[in-house]
Amino acid sequence: MPRKKKTAKPKPVKVRDPTTGEEVELVPIKVWLLAPKSRGRKGVKIGLFKSPKTGKPFRAKVPDDYPEIK
DNA sequence: GCGATCTC
DNA sequence: GAGATCGC
């Protein structure tokens, strides 16, 4: 597959918006792996989101298979 | 507590 | 720099 689409299809992640307490589907601004150097601990993938309500950013876990961003 | 990252 | 994120 040939065809590099620059228009990626960002799959929305279901996350709990701490500002509203609502579970919403958002596309992360940034995603990275947060894990200790010490192996044996996998850590978690973290996404940076922005609350649609307040515009305030917050972090939440994203699925391990979610691609990193930026 | 560790890990990276961001906004305040 | 704090604080928040998650699982071990």
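As a basis for the values below, the full set of heavy atoms in this structure was taken, side chains included, without hydrogen atoms, waters or symmetry mates. Proteins come first, then strands; the chains are lettered A, B, ... in the order of their sequence lines, and each starts at number 1.
Taking only side-chain atoms of A:Val44, from C-beta outward, the nucleotide of B:dC6, C:dT5, C:dG7 with the closest atom is C:dG7.
Partner of A:Pro10 under the side-chain contact (heavy atoms from CB on, under 4.5 Å) criterion, chosen from A:Leu26, A:Ile69, A:Val27: A:Val27.
Scanning residues 55-70 of chain A for heavy-atom distances under 4.0 Å to DNA chain C yields A:Arg59, A:Ala60, A:Lys61. For DNA chain B, the residues of residues 29-40 of chain A within the heavy-atom distance limit of 4.0 Å (strictly under) are A:Lys30, A:Trp32, A:Leu33, A:Leu34, A:Ala35, A:Pro36, A:Lys37, A:Ser38, sorted by number. Listed by residue number, there are no residues of residues 12-23 of chain A with a heavy-atom contact under 4.0 Å to DNA chain C.
Ion pairing between A:Glu25 and A:Lys14 holds under the 4.0 Å rule for side-chain N and carboxylate O. Remark: A:Asp65 does not engage A:Lys45 in a salt bridge, criterion side-chain N to carboxylate O under 4.0 Å.
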### Task
Apply the test side chain to side chain contact (heavy atoms under 4.5 Å, CB included) to residues A:Lys30 and A:Ile46: give CA-CA distance (whole Å), side-chain angles for both, the deciding distance (0.1 Å), then the verdict.
CA-CA 8 Å; A:Lys30 173 130 187 171; A:Ile46 299 296; over 6 Å; no
Any chance you could lay out the side chain to side chain contact (heavy atoms under 4.5 Å, CB included) test for A:Lys61 and A:Leu34, step after step, and finish with the verdict?
CA-CA 10 Å; A:Lys61 181 193 187 283; A:Leu34 176 62; over 6 Å; no
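Here the OG1 atom belonging to A:Thr19 is positioned 8.0 Å from the NZ atom belonging to A:Lys53, to the nearest 0.5 angstrom. Separation of atoms CZ (A:Phe49) and NZ (A:Lys56) is listed at 16.0 Å; rounding is to 0.5 Å. One finds the CZ atom of A:Phe58 at 10.5 Å from the CZ atom of A:Arg16 (value rounded to the nearest 0.5 Å).
Distance alone, capped at 3.5 Å, places no donor-acceptor pair between the A:Tyr66 side chain and the A:Gly47 backbone.
As judged by a 4.0 angstrom heavy-atom cut-off over every strand, A:Ile46 is placed among the base-contacting residues.
In this structure, A:Glu23 and A:Asp17 have side chains that are not in contact, with every pair of non-hydrogen atoms separated by 4.5 Å or more.
The interatomic distance linking A:Lys42 (NZ) with C:dT5 (P) rounds to 19 Å, in whole Å. In this structure, A:Arg41 places its CZ atom 10 Å from P of B:dC2, rounding to the nearest Å.
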